[in-house]
Participant: 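Right, I'll just put the structure down here and ask away after.
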2 protein chains.
Amino acid sequence: MDTLLKPAHTDLPASPSLDQRRDHGPDQRPDPNHADCRGVASVLSRVGDKWSVFVIMMLSDGPKRFNELKRLINGISQRMLTLTLRGLERDGLVTRTIFPTIPPRVDYELTDLGHGLSRPVEALGRWAKDHLDQIEAARTKFDQRNEG
Amino acid sequence: MDTLLKPAHTDLPASPSLDQRRDHGPDQRPDPNHADCRGVASVLSRVGDKWSVFVIMMLSDGPKRFNELKRLINGISQRMLTLTLRGLERDGLVTRTIFPTIPPRVDYELTDLGHGLSRPVEALGRWAKDHLDQIEAARTKFDQRNEG
DNA sequence: CAGCATCCGTGAAGATACTG
DNA sequence: CAGTATCTTCACGGATGCTG
């Protein structure tokens, strides 16, 4: 009940790295006029987390069960899905509803907050989809210049 | 010129994990009706990368120099900044302009593609900022329930 | 079915010292 | 100033096996 799903010796489910590892200095004021880093970063990292994004997208359709999500995302391991869901739950983005039946059934659903997030996230997803070619082209070109 | 800034033995600057490690099986069609994962994921991971986001935000004001960015972001290490910038450059999101003066001067600027990305990214940033409290509150609450 | 518990490899990121 | 080079750490994430 200690190591649980937590990889090795973390204390947070799915986005520990930022909050914990990032304060390497005593005072860390970047410049208030831009972005206040610390806090925003921890939210951004949730968004940047591949699995979180996919889960959010899948759930924007409506509530889903555990294995349903697993099938939809398909590349995700069960551990990562659990971890991701716990993280999203922790952040108040999804709710976890347990039906004490046999066999057990658990539904995951976006909260209002989660739905709010899903909008900019999907906007981003659309952008990504739209410009994928350009980016991949740029990557190829860059790689050729750099080692070809 | 081989190990360079690349941490240990990667081949991509800042978002290699997804494309490479993700194909653990022969057939990996998730369900075309949702998101096509692989490609989008690699873009999302760039966006989700904390440092990339901050750099993009900083550069949306206009071109900046290396150390200027470093100061603005402040929590970033010099290595990570270089790595991030190379990644963004590789993806065709920023340009790198070298002035062969002494001392040397390098300007980084968003490309059109980069500016395009900066819009949804900033939307996300705003969202993150706006709902930071809610999320942190949720986190605290969740943590208390879970171990208090 | 949903989920813990564990072991383990990989690689992302920090710190530091050196160069043009 | 703007990088490079290198070492080290340790968190992410996969695979597997066990519970209620």
Side-chain angles (χ1 to χ4, degrees), chain A residues 1-25 41 45-46 48-52 64-71 73-87 89 96-108, chain B residues 1-25 41 45-46 48-52 64-71 73 75-87 89 96-108 146:
Chain A
M1 217 284 220
D2 207 310
T3 38
L4 184 52
L5 298 144
K6 299 151 188 179
H9 31 260
T10 9
D11 62 350
L12 296 186
S15 67
S17 31
L18 311 140
D19 317 79
Q20 314 295 81
R21 281 155 57 199
R22 212 46 86 226
D23 41 1
H24 30 35
S45 82
R46 156 105 314 116
D49 182 27
K50 200 179 74 192
W51 300 131
S52 297
K64 303 245 177 312
R65 299 180 58 179
F66 187 88
N67 276 347
E68 200 172 351
L69 284 169
K70 189 159 175 243
R71 301 211 117 185
I73 302 183
N74 188 4
I76 197 171
S77 66
Q78 171 259 26
R79 180 174 167 273
M80 276 304 106
L81 182 54
T82 306
L83 224 49
T84 303
L85 287 168
R86 300 292 274 192
E89 191 192 355
R96 180 163 169 268
T97 312
I98 308 173
F99 299 86
T101 59
I102 298 180
R105 172 202 173 118
V106 181
D107 274 21
Y108 292 92
Chain B
M1 217 286 215
D2 209 309
T3 38
L4 183 56
L5 299 142
K6 298 153 190 178
H9 32 258
T10 10
D11 62 351
L12 296 186
S15 70
S17 30
L18 312 140
D19 317 78
Q20 314 292 79
R21 280 154 57 196
R22 209 45 83 230
D23 38 3
H24 32 37
S45 80
R46 155 103 317 114
D49 182 29
K50 201 179 73 189
W51 301 132
S52 297
K64 303 244 179 311
R65 300 181 58 179
F66 187 88
N67 277 347
E68 200 173 351
L69 284 169
K70 190 162 175 239
R71 300 213 117 182
I73 301 182
I76 196 172
S77 66
Q78 163 263 30
R79 179 175 167 273
M80 275 304 107
L81 182 53
T82 305
L83 222 50
T84 302
L85 287 167
R86 299 292 274 193
E89 190 192 356
R96 178 164 170 268
T97 312
I98 308 172
F99 300 85
T101 56
I102 299 180
R105 173 202 174 119
V106 180
D107 273 22
Y108 292 92
N146 206 300

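A, B, ... follow the sequence lines: proteins, then strands. Residue 1 opens every chain.
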Participant: Compare all side-chain heavy atoms of Ile73(A) with those of Trp51(A) and state whether any distance is below 4.5 angstrom.
Facilitator: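 Heavy-atom side-chain distance check passes, below 4.5 Å.
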Participant: Within a strict 4.5 Å, meaning less than it, do heavy atoms of the Arg46(A) and Ser52(A) side chains meet?
Facilitator: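 Result yes, sub-4.5 Å side-chain heavy-atom pair found.
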Participant: To the nearest angstrom, how far is Gln78(A) atom CD from dA5(C) atom P?
Facilitator: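 Gln78(A) atom CD is separated from dA5(C) atom P by 12 Å.
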Participant: To the nearest Å, give me how far apart CZ (Arg86(A)) and C1' (dA2(C)) are.
Facilitator: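 For the pair Arg86(A) CZ and dA2(C) C1', the rounded distance is 11 Å.
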Participant: Can you tell me how far C1' of dA2(D) sits from CZ of Arg71(B), to the nearest Å?
Facilitator: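 Interatomic distance, CZ of Arg71(B) to C1' of dA2(D): 14 Å.
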Participant: Which nucleotide wins on minimum distance to the side chain of Trp51(B), given the candidates dG13(D), dG14(C), dG3(C)?
Facilitator: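 The answer is dG14(C).
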Participant: Which whole-number value in Å describes the distance from Ile73(B) CD1 to dA2(D) P?
Facilitator: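 From Ile73(B) CD1 to dA2(D) P: 14 Å.
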Participant: So, does Arg96(A) get its side chain near the phosphate of dG3(C), meaning an N or O under 4.0 Å from OP1 or OP2?
Facilitator: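 Yes, such a contact exists.
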Participant: Quick one: is the NZ or CZ of Arg96(B) closer than 6.0 Å to the six-membered ring centre of Tyr108(B), and within 45° of its axis?
Facilitator: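 Negative - Arg96(B) is either too far from the ring of Tyr108(B) or too far off its axis.
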Participant: At less than 4.0 Å, is any side-chain N or O atom of Ser77(B) found next to OP1 or OP2 of dG14(C)? Yes or no.
Facilitator: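 Answer yes for this pair, as a side-chain N or O of Ser77(B) is under 4.0 Å from OP1 or OP2.
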Participant: Where the side chain of Thr82(B) is defined as all heavy atoms beyond and including C-beta, which of dG3(D), dA2(D), dG3(C) is the nearest nucleotide?
Facilitator: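 My answer, after comparing the listed nucleotides, is dG3(D).
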Participant: How many whole angstroms separate atom CZ of Arg105(B) from atom C1' of dG3(D)?
Facilitator: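 My rounded result for the distance is 16 Å.
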Participant: What's the CZ-C1' distance between Arg79(A) and dA15(D), to the nearest Å?
Facilitator: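 Rounded to the whole Å, the gap is 10 Å.
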Participant: Is Tyr108(B) near enough to dC1(D) that one of its side-chain N or O atoms lies under 4.0 angstrom from OP1 or OP2?
Facilitator: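 Checking dC1(D) against Tyr108(B), no side-chain N or O comes under 4.0 Å of OP1 or OP2.
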Participant: Suppose we call a contact any N or O donor and acceptor under 3.5 Å apart; does that hold for the side chain of Glu68(B) and the base of dC1(D)?
Facilitator: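 Counting by modelled atom types and ignoring angles, no donor-acceptor contact under 3.5 Å is found here.
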Participant: Which nucleotide in the set dG3(C), dC1(D), dG3(D) lies at the smallest distance from any side-chain heavy atom of Val106(B)?
Facilitator: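 The nucleotide sitting nearest to the side chain is dG3(D).
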Participant: I want to check one thing: is the phosphate of dA2(C), taken as OP1 and OP2, less than 4.0 Å away from some side-chain N or O of Arg65(A)?
Facilitator: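 The answer is yes; a side-chain N or O of Arg65(A) sits under 4.0 Å from OP1 or OP2.
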Participant: Just checking Phe99(B): base, sugar-phosphate only, or nothing, at a heavy-atom cut-off of under 4.0 Å?
Facilitator: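 Touches nothing.
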Participant: Give the rounded distance in Å between these two atoms: CG of Leu83(B) and P of dA15(C).
Facilitator: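 One finds 15 Å between P of dA15(C) and CG of Leu83(B), rounded.
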Participant: Of all the choices, dT4(D), dC1(D), dG14(D), which nucleotide is nearest to the side chain of Asn67(B) once you look at every atom?
Facilitator: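 For Asn67(B), the side-chain atoms sit closest to dC1(D).
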Participant: When the distance from NZ of Lys70(B) to C1' of dC1(D) is rounded to whole Å, what number comes out?
Facilitator: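 Answer to the nearest Å: 11 Å.
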Participant: What heavy-atom pair brings Lys70(A) and Ile76(A) nearest, and what distance separates the two atoms?
Facilitator: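 Closest approach of Lys70(A) to Ile76(A): CE-O, 4.0 Å.
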Participant: Yes or no on side chain to side chain contact (heavy atoms under 4.5 Å, CB included) for Leu85(B) and Leu69(B), after CA distance, side-chain angles and deciding distance?
Facilitator: CA-CA 10 Å; Leu85(B) 287 167; Leu69(B) 284 169; 4.0 Å; yes
